Number of protein chains: 2
Amino acid sequence: MREGAGNITIEAVAKESGLSKGGVLYNFPTKRALLSGLLDQMLAAHREFFEKVPERHPARTLCGHLETVLQPKDVGDDLSMAILAAAASDPPLLDPLRTELTGDLERILADTNDAPAAMIAFLAIQGLRFQRLLSLPDGGADITERVIERLRTMIDEL
Amino acid sequence: MREGAGNITIEAVAKESGLSKGGVLYNFPTKRALLSGLLDQMLAAHREFFEKVPERHPARTLCGHLETVLQPKDVGDDLSMAILAAAASDPPLLDPLRTELTGDLERILADTNDAPAAMIAFLAIQGLRFQRLLSLPDGGADITERVIERLRTMIDEL
DNA sequence: ACAACTATACCGTCCGGTCGGCCTGGATTT
DNA sequence: AAATCCAGGCCGACCGGACGGTATAGTTGT
């Protein structure tokens, strides 16, 4: 995160994790595997977060996505950074994410009969994620607050 | 684009541009400068595209952003890829983009009195950009079509 | 005894950046 | 007009450092 997602090195991961370089390579035989595992872990954490949204919410998946953006210590930040690192160094690594998101999207569209509205909500959430990830402006905390509130009502009215 | 944005090398740029490595480094003394110049150029093209939207559209800036996503040979694709490369290898390079977007956002928010709605439209557009950039699912062409139509009416009603 | 490391040394490759030289077109001199 | 000179644009061989990965020997806990 500090030095730019593309500059991630095995040694840096080793130091950060308290392991030695050998130790890291013991667990992940290659850098691809490391990044892949990183993404897997982030996706798992992300999925786990979804479970917290009540079982029978009408637009559960979409709601889950929204919730993950709300966390101050964002689960999505880590995920997004992993995504960025993967995308930068080896795009095929994003395949698991693609299938995951494809599933989410199917569920989202199945849960509503106003597909465009649901889609716009989804895209706005994704947009917010990426804006934050790259430290691009998002209008400030107060507006974001109102945006999220609005999104919530949008989702509820689906 | 082919090999992953983080793997861009000076030699690759040289070959692609028909110059030699030395020639590239003559025009851009460092890789930072190269990426910075790339981003500048993309931003300029992006801005130029904005001019095409009629002068007195109520939400001109937002409308311009939307139009750039519509291009089949997307102006935004190149820009986004440059953004990705910059973000991956040297985040501070994104500063010009940040100021640019900050200005856009101010204009967008000034042009409306329903800030959250405008913001959601903006974020959705950004989301769509990034989804495409990373080849993440966007629901397919037909839904995207409807999403864009909906966004257009949203923007017009601001 | 085995798994899970640590520590260290090392190799090969890739890549950013340097450097000396080449070439061309225009200005200056003769 | 011919010869000369110069400068800017570019080439491409090379250097040095970084980094992915390998190898190996020792250590610790189970």
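This is a predicted model, so every value here is computed, not measured.
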Protein-nucleotide distance (L35(B), atom CG; dC15(C), atom C1'), rounded to Å = 14 Å
Nearest-Å distance, CZ (R32(B)) to C1' (dG17(C))?
-> 15 Å
Nearest-Å distance, NZ (K15(A)) to P (dC5(C))?
-> 20 Å
Think N27(B) has a side-chain N or O under 4.0 angstrom from the OP1 or OP2 of dG9(D)?
-> no
Treating Ile, Leu, Val, Met, Phe, Trp and Tyr as nodes and any side-chain heavy-atom pair under 4.5 angstrom as an edge, say whether V53(A) and L101(A) lie in one connected cluster.
-> no
Each nucleotide N or O in nucleotides 27-30 of chain D that has a protein N or O under 3.5 Å away: list the pair and distance.
none

Using modelled atom types only, decide if a donor and an acceptor are shared between the side chain of Q131(A) and the backbone of D138(A) within a distance under 3.5 Å.
-> no
Just one of I8(A), V24(A), L25(A), T9(A) clears the side chain to side chain contact (heavy atoms under 4.5 Å, CB included) bar with K31(A), so which one?
-> I8(A)
Residues S80(A) and R132(A): side-chain donor-acceptor under 3.5 angstrom | no
Using a heavy-atom distance cut-off of less than 4.0 Å, which residues of residues 17-26 of chain B contact DNA chain D?
-> L19(B), S20(B), G22(B), G23(B), Y26(B)
Check whether any side-chain nitrogen or oxygen of T30(A) sits under 4.0 Å from OP1 or OP2 of dG21(D), and answer yes or no.
-> yes
R98(B) side-chain N/O to P92(B) backbone N/O, donor-acceptor pair under 3.5 Å = no
Give a yes or no answer on whether the side chain of T153(B) reaches the backbone of R150(B) with a donor-acceptor pair at less than 3.5 Å.
-> yes
For the pair made of CD1 in I10(B) and C1' in dC10(D), what is the distance, rounded to whole Å?
-> 15 Å
Ion pair present between E157(A) and R152(A), side-chain N to carboxylate O less than 4.0 angstrom?
-> no
Are any of the side-chain nitrogens in R32(B) or D90(B) under 4.0 Å away from the carboxylate oxygens of its partner?
-> yes
Does any non-hydrogen side-chain atom of N27(A) lie less than 4.5 Å from one of L19(A)?
-> yes
Expressed in angstrom and rounded to an integer, what is the separation of E3(B) atom CD from dC14(C) atom C1'?
-> 14 Å
Rounded to the Å, how far apart are K31(A) NZ and dT13(C) C1'?
-> 14 Å
Please report, rounded to the nearest Å, how far the P atom of dC19(D) is from the CD atom of E11(A).
-> 7 Å
Touch class at under 4.0 angstrom, heavy-atom based, for L34(A) against every strand present | nothing
